[in-house]
Amino acid sequence: AERWAQELAGLVRTLTLDAERRWGARIRANSPLFAWAVRHAAFLYNRFQVRSTGTTPFEQVHHRMYRSRLLPFGAPVMLRSPIATEQPKLEARWQPGVWLGRRAESDENIVGTPVGVLTGRSCRIMDARDPACVQLLQQMQWTTWGTGTVPREAVPAQLTVKGEEKKKDKPDESDEE
């Protein structure tokens, strides 16, 4: 257990130092980005740390190597809206944000945006020198344990809150007589 904690601390240190270099800002332990670094470090450990058996924990469970593309932690990205094909043609289909990792369950990209945490399959890296990218990090106010608390009115109409499913309009049964 002690060795695992040392490995995880080293990964967190590496992730935060890389993100600090990219953004030119200090990431402290009370920063929302720090909590995501710990989560992503555990994700990386489970997929790439080879055990004495010669396999990773991911390989032992899934019987294959992890092959999905990973982006640099904390990189500025554009995430394709999960409902992009359902939107009007002139609506923006990509949302700017900060790449925070991947979901273990579905392997979707996790991206922090000014309105909260969103997930999606398609993700593109943005140029970190773009002034809009610096604002993204400053607007980040959520943590790994507060991802479901985005108020509905804060989400633009073309986006859905993570975990919220589209509800079909059903006629109210009380109207039928």
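Computed from heavy atoms alone, side chains included, the values below leave out hydrogens, waters and symmetry copies.
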Nearest 0.5 angstrom please: [X] [atom1] to [Y] [atom2], how far?
X    : Y    : atom1 : atom2 : result
L70  : C123 : CG    : SG    : 11.5 Å
L100 : L15  : CG    : CG    : 11.5 Å
L44  : L11  : CG    : CG    : 6.0 Å

Decide, yes or no, whether a salt bridge links R26 with E20 under the criterion of side-chain N to carboxylate O below 4.0 Å.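 Yes, this pair counts.
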
Between D107 and R103, does any side-chain N to carboxylate O distance fall below 4.0 Å? no

Would M126 end up clustered with V98 when hydrophobic side chains under 4.5 Å apart are linked, directly or stepwise? no

F48-F58 co-clustered via ILVMFWY side chain contacts under 4.5 Å: yes

Side-chain heavy-atom pair [X], [Y] within 4.5 angstrom cut-off:
X    : Y    : answer
V117 : W36  : yes
S68  : R47  : no
R80  : R93  : yes
W99  : P76  : no
W94  : L79  : no
E59  : R64  : no
R102 : N109 : yes

Please work out which of the three classes, parallel, tilted or perpendicular, describes the rings of F73 and H40, given edges at 30° and 60°. parallel

ring-ring contact (aromatic ring centres under 6.0 Å, His included): pairs with one or both residues in residues 119-139, sequence neighbours excluded: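 The answer is none; no pair qualifies.
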
Residue list, ring pair (Phe, Tyr, Trp, His ring centres under 6.0 Å) with F34, at least two apart or on another chain: none

Show your reasoning for whether side-chain contact (heavy atoms from CB on, under 4.5 Å) applies to I110 and R39. CA-CA 11 Å; I110 303 171; R39 183 193 179 285; 3.4 Å; yes

Taking all atoms of both residues into account, what is the closest heavy-atom pair of T113 and P96, and its distance?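 Closest heavy-atom pair between T113 and P96: CG2-O, 3.5 Å.
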
Please report the closest heavy-atom contact between R22 and A75, naming both atoms and the distance.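 Looking at all heavy atoms of both residues, the shortest contact is CD-CA, 3.8 Å.
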
Can you see whether Y66 engages N46 through a side-chain donor-acceptor pair at a distance of less than 3.5 angstrom? no

Any luck finding a side-chain donor-acceptor pair between T53 and Q60 under 3.5 Å? yes

Please walk me through it: do Q49 and T56 pass side-chain contact (heavy atoms from CB on, under 4.5 Å)? CA-CA 6 Å; Q49 182 64 39; T56 66; 5.9 Å; no

Okay, side chain of T16, backbone of V12: is any donor-acceptor separation there less than 3.5 Å?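 Judged by distance alone, yes, a pair lies under 3.5 Å.
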
Not counting sequence neighbours, which residues clear side chain to side chain contact (heavy atoms under 4.5 Å, CB included) with R67? List them please.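 R67 satisfies side chain to side chain contact (heavy atoms under 4.5 Å, CB included) with M65 once adjacent residues are dropped.
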
